[in-house]
Amino acid sequence: MPSKTPAVSIVIPVYNADPTYLQQCLESVQAQDCNNVEVIVVDDGSTDTGTVRMCESFSNVFTVLHQSNQGVAAARNNGIAHASGEWVAFIDADDWIAPTFLSRLAELGRRSDADIVICDCMVERGSHSAMNHFFPEHSAFAWNDETRVRTLLQIFGKNKYYNPPYIAVGVPWAKLYRTQFLRDHDLHFPVGMSRMEDNIFNLYAVQAAARVAYLPQALYHYRVVEGSSSREYSPDILQTFTRVNNETKVFLDTFSHDKRLDQAFYARVIQSVHSYMLFWIFHPQNPQTYRDKKRELLRIISSEPYNEALCQLDYASAAKSIAVFAVLLKFHCCLALDGAINIERIRR
């Protein structure tokens, strides 16, 4: 007979998800080879009737919470607040999990006395599947201070140590978090961020974890949903990444005693300039003249923290792509940057 306390609480935030994808996600949860599971579907104010109906069709077996639209961070936090299981897992509504996902990760978590358990994922793009290892697959994984730093470096972005081929470890899915660990350290997703709130959450989680365990098996399926988001014009992106950079700096000021993390922050700041150019400054829908676009870019990189990042970045030890991009910025090679951004946009 299963115990009264669920082994795992699964939190699934939903907002206008494709009903077909959502059904596959929820059915994969139903198909788990363990039955001591609590499933919390958090409908974040969906306006699509098909999404809402699909959520309600599972309400007889899952807990379905409805909230006004507040964003994925608030939806996940709502799920954490209602979780009663020993572990919490997050699954995105477009994705699905293997039948042994929960049992294998929970068993490893108990055996290793871990606060966080991580598995690999398959990246699903149409009919194509690709393996994504979060850590070097042929090396023995041992949690220590060096592994912690290298995990944090991966969350920051590209680094010279190891970069997964598709998805970095800063995502909240493909993991189990010990519920009491989340509550003891008051870990929650920062509300109001439209990007990378999961990275900020995991910076604090990885820093706080006494032990992290890793299962190099792809038990999570991450679906790449084709759409126009990779080409969208986002004139508010400066404000978005200013919040990301500020939250990251708070983390560093609180915890960092490793200069590699400071360098990772400079790299992240420089990467954010790349996003400004791709989605705003050099985007075809930007009505400004080229001269005004160039002036805007130069204004940004002469302000903080961008100027400090360009001056303090250790170019020799940075990932090659970031070092090259930083050099072009530092020497104001705007035409070359504009051309490179246009080529990247076409390839997307």
Side-chain angles (χ1 to χ4, degrees), residues 105 108-109 112-121 132-178 181-182 184-190 195-216 241 244-272 305 308-323 325-326:
L105 290 187
L108 176 58
S112 61
D113 193 28
D115 292 318
I116 306 172
V117 189
I118 303 171
C119 72
D120 289 328
C121 73
N132 188 84
H133 292 289
F134 286 112
F135 298 99
E137 57 188 296
H138 298 300
S139 63
F141 184 87
W143 188 247
N144 51 43
D145 289 343
E146 179 64 15
T147 309
R148 186 193 311 275
V149 170
R150 293 200 180 191
T151 304
L152 292 171
L153 287 170
Q154 190 186 134
I155 296 173
F156 271 92
K158 291 182 179 179
N159 65 82
K160 67 176 184 177
Y161 297 102
Y162 175 75
N163 298 287
Y166 300 99
I167 307 292
V169 76
V171 293
W173 40 260
K175 297 175 179 66
L176 294 188
Y177 301 86
R178 194 179 295 276
F181 161 73
L182 295 179
D184 287 346
H185 294 277
D186 192 25
L187 293 171
H188 57 273
F189 293 85
R195 297 177 187 233
M196 300 176 73
E197 77 294 327
D198 48 0
N199 277 218
I200 301 301
F201 171 84
N202 274 313
L203 284 177
Y204 285 94
V206 168
Q207 177 64 36
R211 187 172 290 104
V212 173
Y214 172 53
L215 181 65
F241 275 95
V244 174
N245 291 334
N246 288 343
E247 293 282 354
T248 305
K249 189 65 165 62
V250 169
F251 171 82
L252 283 175
D253 290 344
T254 305
F255 293 108
S256 177
H257 301 289
D258 192 304
K259 291 183 178 180
R260 288 175 293 178
L261 295 179
D262 294 330
Q263 286 296 317
F265 174 66
Y266 297 142
R268 168 169 280 186
V269 169
I270 291 168
Q271 284 178 290
S272 66
E308 179 185 1
L310 290 171
C311 292
Q312 297 299 323
L313 180 71
D314 182 356
Y315 291 81
S317 63
K320 183 180 293 186
S321 60
I322 294 175
F325 179 69

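- Panel note: side chain Asn199, backbone Phe156; no donor-acceptor pair is recorded below 3.5 Å.
- Considering all non-hydrogen atoms of both residues, Tyr177 and Val171 come closest at OH-O, 4.1 Å.
- Among all heavy-atom pairs drawn from Ala318 and Leu313, the shortest one is CB-CD1, 4.2 Å.
- Defined by atom type and a distance below 3.5 Å, a donor-acceptor pair is missing between the side-chain atoms of Asn245 and Thr248.
- Taking 4.5 Å as the limit, some side-chain heavy atom of Leu261 sits within range of a side-chain heavy atom of Leu252.
- The shortest side-chain heavy-atom distance between Phe189 and Pro172 falls under the 4.5 Å cut-off.
- Counting heavy atoms from C-beta outward, Ile155 and Phe201 have side chains that stay 4.5 Å or more apart.
- Tyr162 meets the side-chain contact (heavy atoms from CB on, under 4.5 Å) test with His133, Pro136, Gln154, Pro164, Pro165; sequence neighbours excluded.
- Side-chain contact check for Asp120 versus Tyr214: some heavy-atom pair is nearer than 4.5 Å.
- For the pair Asn144 (side chain) and Thr147 (backbone), a donor-acceptor distance under 3.5 Å is present.
- Take Asp145 and apply the salt bridge (charged side-chain N to carboxylate O under 4.0 Å, His left out) test, not counting sequence neighbours, and it matches no residue.
- Here the closest non-hydrogen pair linking Leu108 and Ser112 is O-OG, 2.7 Å.
- Between Phe251 and Phe255, the ring centre distance stays below 6.0 Å.
- Residues Lys175 and Val169 share a closest heavy-atom pair of NZ-O, 2.9 Å.
- The side-chain heavy atoms of Gln271 and Lys158, taken from C-beta on, include a pair separated by under 4.5 Å.
- In this structure, Arg178 contributes its side chain and Ala114 its backbone to a donor-acceptor pair below 3.5 Å.
- Among all heavy-atom pairs drawn from Phe241 and Ser272, the shortest one is CD2-CB, 3.8 Å.
- For Asp314, the side-chain contact (heavy atoms from CB on, under 4.5 Å) partners two or more places apart in sequence, or in a different chain, are Gln263, Ala316, Ser317.
- Minimum heavy-atom separation, Cys119 to Leu105: CB-CD2, 3.7 Å.
- In this structure, the salt bridge (charged side-chain N to carboxylate O under 4.0 Å, His left out) partners of Asp258, at least two apart in sequence or on a different chain, are Arg260.
- Distance CZ/Phe265 to CD1/Ile270: 10.5 Å, rounded to 0.5 Å.
- Here Asp262 contributes atom CG and Gln312 contributes atom CD; the two are 9.5 Å apart, rounded to the nearest 0.5 Å.
- Scored by the salt bridge (charged side-chain N to carboxylate O under 4.0 Å, His left out) test, Lys160 finds no partners at all (sequence neighbours excluded).
- Considering Ile118, Leu215, Thr151 in turn, Ile118 is the only one that fulfils the side chain to side chain contact (heavy atoms under 4.5 Å, CB included) rule with Phe134.
- Distance CD1/Ile116 to CG/Leu187: 8.0 Å, rounded to 0.5 Å.
- Note that CZ of Phe135 and CZ of Phe141 are 4.5 Å apart. Values are rounded to the nearest 0.5 Å.
- Between the Asn132 side chain and the Cys121 main chain, no donor and acceptor come within less than 3.5 Å of each other.
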TODO: For the pair Ile167 and Trp173, evaluate side-chain contact (heavy atoms from CB on, under 4.5 Å) and give the outcome as yes or no after the intermediate values.
DONE: CA-CA 11 Å; Ile167 307 292; Trp173 40 260; 3.7 Å; yes
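- A distance of 11.5 Å separates CG of Asn159 from CZ of Arg268, quoted to the nearest 0.5 Å.
- Arg148 places a side-chain N or O within donor-acceptor distance of the main-chain N or O of Gln207, the cut-off being under 3.5 Å.
- Applying the salt bridge (charged side-chain N to carboxylate O under 4.0 Å, His left out) test to Arg150 and every residue at least two apart in sequence or in another chain returns Glu146.
- The shortest side-chain heavy-atom distance between Asp186 and Tyr204 does not fall under the 4.5 Å cut-off.
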